[in-house]
Amino acid sequence: MSLEKLPSCDDPFDSLMPVEEARTRLSQALNVVADTERLALIQAHGRVLSDDVVSPVNVPGFANSAMDGYAISSSSIPESGEVTLTLAGTSWAGKIFEGRVEAGTAVRIFTGGLMPEGADTVVIQEHVAVSDNQVTIDSEVEPLRNVRLAGEDVKANQRVLQSGTVLNAAELGVLASLGINEVNVYRKIRVAYFTTGDELLALDEHAGEPLEPGMLFDSNRYSLRSMLSRLDVDVIDLGIVRDNAAQTRAAMQQAAESADVIISSGGVSAGDADFVTQVFHELGEVGFWKIAMRPGRPLAFGQIGDAFFFGLPGNPVAVMVTFLQFVQPAIKQIMGTRTTDPFVIKATCMSTLRKSLGRVEYQRGVLGNDEKGNLTVTSTGKQGAGRISSMSAANCLIVIAADVAGVSPGDSVEVQPFHGLFA
Ligand code: AMP
Ligand code: MG
């Protein structure tokens with residue numbers, strides 16, 4: 001990766017970089033993990049296909065009945081009145097009827113049963129009168145009904161899945177239906193993360209203890225871990241790094257040796273305690289971006305060795321927002337995923353939202369419906385970047401463009417639902 005083309009915003013008087021530009025530059029700087037592996041389908045949940053999949057077969061492989069009923073030839077349907085057909089046998093799902101359906105005969109058939117030769121129509125059982133081994137149908141029966149044709153779901157030689165597709169329930173079902181038991185996927189990537197700050201206490205070591213003045217529990221660690229667990233990556237937790245150069249350097253070096261992606265929280269401003277900034281300058285190919293967004297203005301991005309590094313801000317809401325807007329799409333791209341953009345919908349805003357011009361704001365909102373069923377969104381209230389409870393009160397981010405000065409009730413706004421994003 002060449003970072004020469006990436007703008008550096010070390011100068012505090014540099015103008016802010018628009019969000020879209022940061023997204024584009026980031027995407028251009030990344031590359032997909034090169035290694036692939038072959039996995040049994042049962043192991044492949046959540047993984048990303050590294051090859052297109054072409055169907056070796058038709059699905060369904062044979063014409064079969066979509067209903068329980070009677071398989072007939074449409075030539076048996078009378079022009080008017082009724083006709084009585086002789087039952088010649090039964091076609092069960094998994095137990096075929098060997099004979100042929102001639103005009104004047106019918107075969108009892110169940111859903112999934114192979115259509116016997118000569119039959120092209122299934123009359124559902126509610127539309128026939130049955131006595132002994134005879135069924136009576138009338139002229140109302142429609143020809144060519146209730147039959148699933150061979151290949152109507154997937155045709156042989158059709159490309160069913162594109163490389164870059166994430167294998168979830170539907171894709172695994174499709175592959176299994178094609179009889180494909182092994183797939184080529186990108187290898188899992190390793191993501192190392194650490195939090196920084198002299199004020200942080202590790203919850204797992206200090207739970208139940210009273211907090212000394214000035215101290216707080218490391219919450220970013222938990223949010224980051226949880227958001228990462230939504231992605232199919234291996235995580236390496238490097239714990240809390242104190243505000244000094246030696247520890248920060250050791251953590252970054254250790255991370256660079258073991259991981260494809262490194263994430264830190266805190267210490268990326270230009271203050272005296274911002275050792276991530278200092279050490280990253282020393283070790284990495286650096287881009288410091290001051291992004292025109294709120295929360296989460298400073299974002300350090302670049303490479304340390306072969307690993308991509310993301311230095312997120314420290315404020316808990318800013319950590320989540322910058323992760324979701326930049327790091328999550330970046331990790332998806334590195335994993336080989338084809339579509340990485342956050343899902344955006346429109347909703348009518350029910351609240352007055354204040355904001356300043358010049359930055360995209362990601363405010364916390366609650367999606368709902370009005371009495372007509374239209375999508376609405378309501379603010380969670382105060383929007384400070386340190387109020388992590390506002391994220392938990394919300395179920396979406398309201399994305400307000402840089403050139404918008406504020407939102408009034410009734411305005412249409414763009415919303416990123418949490419569902420699918422990290423919830
Ligand atoms: P920083 O970017 O390091 O100056 O941190 C900004 C704010 O976020 C400060 O109020 C920190 O105390 C807070 N903060 C930083 N890291 C964490 C963390 N891991 N968990 C909770 N709060 C944090
Ligand atoms: Mg700090």
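Read the numbers this way: they start at 1 and go in the same order the structure lists the ligands and their atoms.
Taking every heavy atom of Thr195 and a limit of under 4.0 angstrom, the matching atoms of ligand 1 come to 19 (N). Below 4.0 Å from some heavy atom of Asn315 lie the following atoms of ligand 1, by number and element: 6 (C), 7 (C), 8 (O). Close contacts between ligand 1 and Gly267 involve ligand atoms 1 (P), 2 (O), 3 (O) [criterion: under 4.0 Å to a heavy atom].
The closest donor-acceptor contact from the side chain of Thr322 to the backbone of Leu299 lies at 3.5 Å or more, if one exists at all.
With respect to the salt-bridge test (charged N to carboxylate O, under 4.0 angstrom), the residues Arg38 and Glu182 qualify. Ionic pairing of Arg190 and Asp234 is not present here: no N-O contact between side-chain nitrogen and carboxylate oxygen is shorter than 4.0 angstrom.
If you look at Phe309 and Phe280, their ring centroids are closer than 6.0 Å. Ring-centre distance between His281 and Phe288: below the 6.0 Å cut-off.
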Item to complete: Take Glu37 and Arg47 through the salt bridge (charged side-chain N to carboxylate O under 4.0 Å, His left out) test and state the conclusion after the steps.
Response: CA-CA 10 Å; Glu37 59 184 323; Arg47 302 296 291 272; 2.5 Å; yes
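Scanning the protein heavy atoms around atom 4 (O) of ligand 1, the nearest turns out to be Asp274 OD1, 4.3 Å. The protein atom (non-hydrogen) at minimum distance from atom 16 (N) of ligand 1 is Asn220 ND2, 3.5 Å.
Heavy atoms of Leu200 found under 4.0 angstrom from ligand 1 belong exclusively to the side chain.
Residues forming a ring-ring contact (aromatic ring centres under 6.0 Å, His included) with Phe418 (at least two apart in sequence, or on another chain): Phe422.
Phe308 has its side chain within reach of Phe301: a pair of non-hydrogen atoms, C-beta onward, lies under 4.5 Å apart.
Taking distance alone, with nitrogen or oxygen atoms compared against 3.5 Å, Gly314 approaches ligand 1 more closely than that limit. For a threshold of 3.5 Å applied to N or O pairs, the pair formed by Asp218 and ligand 1 contains at least one separation below that value.
Using a 4.0 Å heavy-atom cutoff, Glu199 is listed among the residues neighbouring ligand 1. Residue contact check for ligand 1: Ser219 places a non-hydrogen atom closer than 4.0 Å to it.
Ranked by closest heavy atom to atom 22 (N) of ligand 1, the top entry among Ile388, Leu203, Leu216 is Leu216.
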